[in-house]
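What follows is one structure encoded as structure tokens, with my remarks underneath.
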Amino acid sequence: MRQSLFRPAVTMLVLGLSTTSVRALQNSTTIAASALGLIPLPRHVTAYKATWQVPATIRVSTANPAERRAGRVLLRFLKSRGIIVTFATSGTAQIRLSTTANDRQLGAEGYRLKISNHVASLSANTGRGLFYALQTFEQLFNPAKPSDNAIHEVSITDWPRYRWRGILLDCSRHFFPVPVVEKFIRIAAHYKLNVFHWHLTDDQGWRIEIPQYPLLTKIGAWRAGTEMHGDPKDINHQRYGGFYTDNEIRQIVHYARRRYVTVVPEIDIPGHCTAALAAYPWLAAAKGPFQVRETWGISNVPLNPSARTFRFLDTVFGDLVALFPGKYIHLGGDEVSLKAMGVWAHDPAAEKLMRQHHWSAEQLHDYFPATMARFLASKGRRSEVWNDVPAIGLPKGTAVECWDSSSIVRKDASLGHDVIVADESNLYLNFCQGDPKYERYPVGSVDTLRDVYAFNPSSLLPKPLRPELLGTEACLWSEAIPTAHHLFYQLLPREMALAEISWTPKKDQHYSDFVQRTARQYLWLRANHYNFRIPPPSFHFTDNGGPFTGTRDPSHNAMNIQCALPAAVIRMTDPVPGTVIYYTLNGLIPGTKSTRYTGPIHVQCMPGKPVVIRSVATCTFGQSSPPSKLLVQWNIHR
Ligand code: ACM
């Protein structure tokens, strides 16, 4: 199930002391790499104390079309910093862009970035690598102060952990207009993600214009109401919908392409099709009429496998091939329930096929994506399917996207298919980021920033099968995401963690170091008008009685600690620069009239009487974090 109401996670984590991780060796001329605030953390970084004051007019060299393309990106960025760019030959340029690094180690996406002696050289084997060099270069500038153009000298060599670094946006359950989709793609590229998986159709709405089947958008793109809070009886009864025209799709594909993001469109078959069935009931394996779903639940009526249905699918996927230039097209295939498969037994076309070929319903399920995968292969494309598809009849080169358990990942890889890990427990960013009590639209289990960061997609496959792992992807299903504001709240800051687990080698991933680096990124988000969730303040605790013990509850908004002595010292921090922390000691949720945190709090505990500290972090512009809670207990027996 994609969405359910809050399901409590059962883990109780032992509170870990934060590890300090500083990558670069420090000496008198270097500084810690983490001070640069780069996300994702590059593979090899040496950061120097020395800074380069980028001059107000600067010469940039480019010598081929890919370099010129990067030059235009750089020009726009430097213009936003008040810097004027002129193009020059490489000998006299202060910023040198090169796609002729000829360096096998860098591969297709890696780069080198060196800043020293008033010259920046950015080099890669490809335009894509050069684009990533530029993303890193841009992150060196102070995001909060466009007039401050002093950047640290650095020497960086970098390439990604995974080839596939994806993010899914569901535009069926809620529709997001073109500027929002572009904003979504822009930040994905900023964090070096390279796949935008665009979920375009589902039971709740069909979002792509197919000229030969106009009712798909005339009827299928609109519903009479919307369930908002996980209760199918709670519907708002407002007509809702929208779709993308051919031209809008082309615009988005172009926008993404300029940022080296591949768009993978998904038309979900043979289940999740109610919006199409509402438009053309003859596609269904049961008798209509059908209505575009207002509620979140999954339909139990799949497509029928008639020749007419496959002519329809050829047209739809043919249009996709024409509109989307990327290698992969997603065929869906998820969540065809047993009940839906049962419907096939009563559909003449389905029944005939199953009888003729002695197929089970599962094999018929496979038949839809297998047939369309062959169609796509004939057009030079590859297919992607969700792991629910048995995948036996799928051509080699199909990618299986695993949202389910690790055993399924193993099975798909061992069938010889490429695998993309989109693990529901760790990478569904529509799920709560903390205690559901304090989230506006709480769905799913709790998946904190730390949880996303701790997830290791490679660990799901045994070593011999890891070459088949293309990479990883996070999903934003939008049943409970009605606005762009909330979309970015769900996405950020967790997309930063996704970016880092996708790009940075596992051995270099350290959560406390990452959190430290997010501080600079929050400034970037604010400067670029991205909404984000302010994390609740963290507590740091000493009681002079040696190591403390404690538990973090599953929501990670709360901690219980046991101290050995009656006196304890509590510090609070929040990674977002400029936030003010307020707290209470009376159990109430703090507001801006509560006590302002200005330094360590000394608490005295009585036996059997815990002290409860509740805190929130508030930004100058009024937005607050969800509250966090610390319960301190004096344990005489410790
Ligand atoms: C899925 O969550 N059904 C892909």
Side-chain angles (χ1 to χ4, degrees), residues 1-7 164 166-174 195-205 207 227 230 264-276 293 295-303 328-341 362 365-366 368-369 383-391 394 398-409 411-412 417-432 441 443-447 451-452 455 457 460 470-481 490-491 494 498:
M1 217 166 93
R2 247 177 217 163
Q3 286 284 19
S4 60
L5 277 181
F6 168 59
R7 275 183 275 128
W164 187 294
I167 182 89
L168 174 150
L169 180 60
D170 168 9
C171 290
S172 170
R173 276 56 177 268
H174 279 99
V195 174
F196 169 49
H197 176 168
W198 201 2
H199 187 75
L200 283 165
T201 66
D202 216 299
D203 296 317
Q204 290 78 4
R207 306 283 174 227
E227 171 184 339
V264 176
E266 179 186 352
I267 303 283
D268 201 346
I269 58 163
H272 286 278
C273 278
T274 310
R293 265 188 104 92
T295 53
W296 294 357
I298 303 158
S299 156
N300 284 319
V301 180
L303 297 177
Y328 286 92
I329 288 181
H330 206 303
L331 297 162
D334 57 323
E335 295 181 307
V336 181
S337 65
L338 283 176
K339 198 162 168 195
M341 292 198 205
E362 282 82 6
H365 179 194
D366 214 41
F368 285 89
S383 303
E384 192 185 346
V385 291
W386 293 108
N387 61 236
D388 316 45
V389 173
L394 291 171
T398 301
V400 177
E401 180 163 17
C402 296
W403 65 283
D404 217 334
S405 69
S406 57
S407 61
I408 290 169
V409 173
K411 186 197 82 181
D412 292 322
H417 295 306
D418 291 332
V419 167
I420 295 145
V421 170
D423 188 57
E424 183 191 28
S425 314
N426 295 283
L427 297 176
Y428 271 26
L429 303 188
N430 45 309
F431 286 4
C432 297
Y441 300 102
V443 289
S445 52
V446 174
D447 188 15
D451 294 333
V452 176
F455 180 58
L460 296 189
L470 284 185
T472 191
E473 184 170 302
C475 301
L476 268 154
W477 302 106
S478 64
E479 287 93 335
I481 304 184
Q490 289 296 126
L491 183 69
R494 289 182 295 183
L498 168 72

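Both ligands and their constituent atoms are indexed starting at 1 by order of listing. Small disclaimer: the values here were computed from a predicted structure and weren't measured. Residues: numbered from 1 along the sequence shown.
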Can you list the ligand 1 atoms lying under 4.0 Å from a non-hydrogen atom of [X]?
X    : answer
E335 : 3 (N)
Y428 : 1 (C), 2 (O), 4 (C)
W386 : 4 (C)
D334 : 1 (C), 3 (N), 4 (C)

Within-4.5 Å side-chain heavy-atom neighbours: F455 and D447
no
Just so I know, are the side chains of W296 and R173 near enough to count as touching, which here means a heavy-atom distance under 4.5 Å?
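Of all side-chain heavy-atom pairs linking R173 with W296, none is under 4.5 Å.
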Parallel, tilted or perpendicular: which fits the ring planes of W198 and F196, with parallel below 30° and perpendicular above 60°?
tilted
Please say which of H272, H365, H330, H199 ends up in a ring-ring contact (aromatic ring centres under 6.0 Å, His included) with W386.
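Going through the options one by one, the only one that passes is H330.
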